[in-house]
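Shown next, in structure tokens, is the structure this report addresses.
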Amino acid sequence: DESNFLGYGYRTSLRVEFNGERYQNYTVSLTDPYFNDSFWSVGTDLYYTDSRLNQFIQKNAGGAIRAGHPLLMDYFKNNNFYAFIRYKLDDTMVSFDPRMDVSDVMDPATVNGITSSVTVSAEFDKRNDRMMPTDGVYASASYEQAGLGGDIRFNKAIVNARYYKNIFWDVVFRNNISYGVVNGMGDDPIPFTELFRLGGPNNLRGYTFRSVGTRQFSQKYYNELLAGGQITPQVALQEAQTVVGGSQQAYYMTELEFPL
């Protein structure tokens, strides 16, 4: 990261994440935090990701432009309350491993193609540290509308609130509550990659990443399992129950965090 690129006060970021063949992410960002000497922040992002999940391979390439401005500046002297708007143009390609083809319940046609969307959001942040908070509150709300051109159409809203309190010594009481809903537009189905699936350290510890959600029976995968001749029909029936995800999610997580 660079906070004074070319001496103009621009913030630049280059992120490279590589986990073998399972996950790759390359992102370049440029932000002017005080556009034209104002309180507006303006920026752009370019990215490419390659995710190889249990059931499918997903590749995304695209870019975004974004702007933000503090709200109620006379009341929140430290600019704790911000509004943002972001336009994203994304090209997605999903494919399935022939050995785990569940495309009859996860239709690639609902995902593959160009997504052109606008997201408006608001954030309130009074945490004492953004990375490792021990006190304060954070709240956010966002609404994304996809279908401003492109191939994919949906709308998605998410609200989230978090509370942190150092109760004694270095023990921190952490709370996280969230609700989200996604809908298709017209007769267009919801892209299955936009459906909600829980699991993993960010929302449901103790469960495999994105392993909790609405399940559907995949006849294609069931037939492939039986054709392999390695498992019984009863086991194949269970394995073919595929976690597709749901159009709504709600969760509350509370933790006590302490250093070791």
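As a basis for the values below, the full set of heavy atoms in this structure was taken, side chains included, without hydrogen atoms, waters or symmetry mates. All values reported here derive from a predicted model rather than from experimental measurement.
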With side chain to side chain contact (heavy atoms under 4.5 Å, CB included) as the criterion, how do V105 and F217 come out once you've worked through the C-alpha distance, each side chain's angles and the decisive distance to 0.1 Å? CA-CA 7 Å; V105 294; F217 175 72; over 6 Å; no
Side-chain H-bond candidate by donor/acceptor type, [X] with [Y], under 3.5 Å:
{"X": "Y23", "Y": "T49", "answer": "no"}
{"X": "E239", "Y": "Y222", "answer": "no"}
{"X": "N25", "Y": "T27", "answer": "yes"}
{"X": "Q249", "Y": "Y251", "answer": "no"}
{"X": "R162", "Y": "N160", "answer": "yes"}
{"X": "T119", "Y": "K88", "answer": "no"}

Side chains of [X] and [Y]: closer than 4.5 Å at any heavy-atom pair?
{"X": "V28", "Y": "Y26", "value": "no"}
{"X": "V244", "Y": "T214", "value": "no"}
{"X": "T193", "Y": "T92", "value": "no"}
{"X": "Y252", "Y": "I177", "value": "yes"}
{"X": "F84", "Y": "R66", "value": "no"}
{"X": "Q58", "Y": "V94", "value": "yes"}
{"X": "P189", "Y": "D107", "value": "no"}
{"X": "L256", "Y": "I167", "value": "yes"}

Is it possible for you to say whether [X] and [Y] belong to one hydrophobic cluster, with membership spreading through side-chain heavy-atom contacts below 4.5 Å?
{"X": "Y48", "Y": "V16", "answer": "yes"}
{"X": "M100", "Y": "F96", "answer": "yes"}
{"X": "F173", "Y": "F168", "answer": "yes"}
{"X": "V120", "Y": "I65", "answer": "yes"}
{"X": "Y163", "Y": "F124", "answer": "yes"}

With a cut-off of 6.0 Å (strictly less than), are more than 12 heavy atoms of other residues, nucleotides or ligands near [atom1] of [X]?
{"X": "D37", "atom1": "CG", "result": "no"}
{"X": "E17", "atom1": "CD", "result": "yes"}
{"X": "Y34", "atom1": "OH", "result": "no"}
{"X": "K59", "atom1": "NZ", "result": "no"}
{"X": "Y207", "atom1": "OH", "result": "no"}
{"X": "N19", "atom1": "CG", "result": "yes"}

Does the [X] side chain pair with the main chain of [Y], one donor and one acceptor, at a distance under 3.5 Å?
{"X": "D50", "Y": "Q24", "answer": "no"}
{"X": "D188", "Y": "R153", "answer": "no"}
{"X": "N166", "Y": "V171", "answer": "yes"}
{"X": "D90", "Y": "T115", "answer": "no"}
{"X": "S211", "Y": "F209", "answer": "no"}
{"X": "D125", "Y": "Y138", "answer": "no"}
{"X": "R197", "Y": "V243", "answer": "yes"}
{"X": "S178", "Y": "A250", "answer": "no"}
{"X": "D101", "Y": "Y221", "answer": "no"}
{"X": "R215", "Y": "Q241", "answer": "yes"}

With side chain to side chain contact (heavy atoms under 4.5 Å, CB included) as the criterion, how do I85 and V118 come out once you've worked through the C-alpha distance, each side chain's angles and the decisive distance to 0.1 Å? CA-CA 7 Å; I85 185 168; V118 169; 4.0 Å; yes
Where [X] and [Y] come nearest, the two heavy atoms and their spacing:
{"X": "I190", "Y": "E194", "value": "CG2-CB, 4.5 Å"}
{"X": "P133", "Y": "R174", "value": "O-NH1, 4.2 Å"}
{"X": "R210", "Y": "L195", "value": "NH2-O, 4.2 Å"}
{"X": "V159", "Y": "A141", "value": "CG1-CB, 3.8 Å"}
{"X": "S116", "Y": "G150", "value": "CB-N, 4.5 Å"}
{"X": "K220", "Y": "S103", "value": "NZ-OG, 3.1 Å"}

Point-to-point distance, once rounded to the nearest 0.5 Å, from [atom1] of [X] to [atom2] of [Y]:
{"X": "R86", "Y": "T44", "atom1": "CZ", "atom2": "OG1", "answer": "9.5 Å"}
{"X": "K165", "Y": "T134", "atom1": "NZ", "atom2": "OG1", "answer": "9.5 Å"}
{"X": "F39", "Y": "H69", "atom1": "CZ", "atom2": "NE2", "answer": "7.0 Å"}
{"X": "R205", "Y": "M253", "atom1": "CZ", "atom2": "CE", "answer": "5.5 Å"}
{"X": "I152", "Y": "S117", "atom1": "CD1", "atom2": "OG", "answer": "11.0 Å"}
{"X": "I114", "Y": "D151", "atom1": "CD1", "atom2": "CG", "answer": "6.0 Å"}

Checking K156 against F196: charged group under 6.0 Å from the ring centre and within 45 degrees of the axis?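 Relative to the ring axis of F196, which defines the angle, K156 lies inside both limits.
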Residue among T242, N223, D104 satisfying side-chain hydrogen bond (donor to acceptor under 3.5 Å, both in side chains) with S218: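 So, applying the side-chain hydrogen bond (donor to acceptor under 3.5 Å, both in side chains) to S218 and each of T242, N223, D104, only D104 qualifies.
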Give the C-alpha distance, both sets of side-chain angles, the deciding distance and a yes or no for ring pair (Phe, Tyr, Trp, His ring centres under 6.0 Å) between F192 and F56. CA-CA 11 Å; F192 70 81; F56 56 91; 5.3 Å; yes
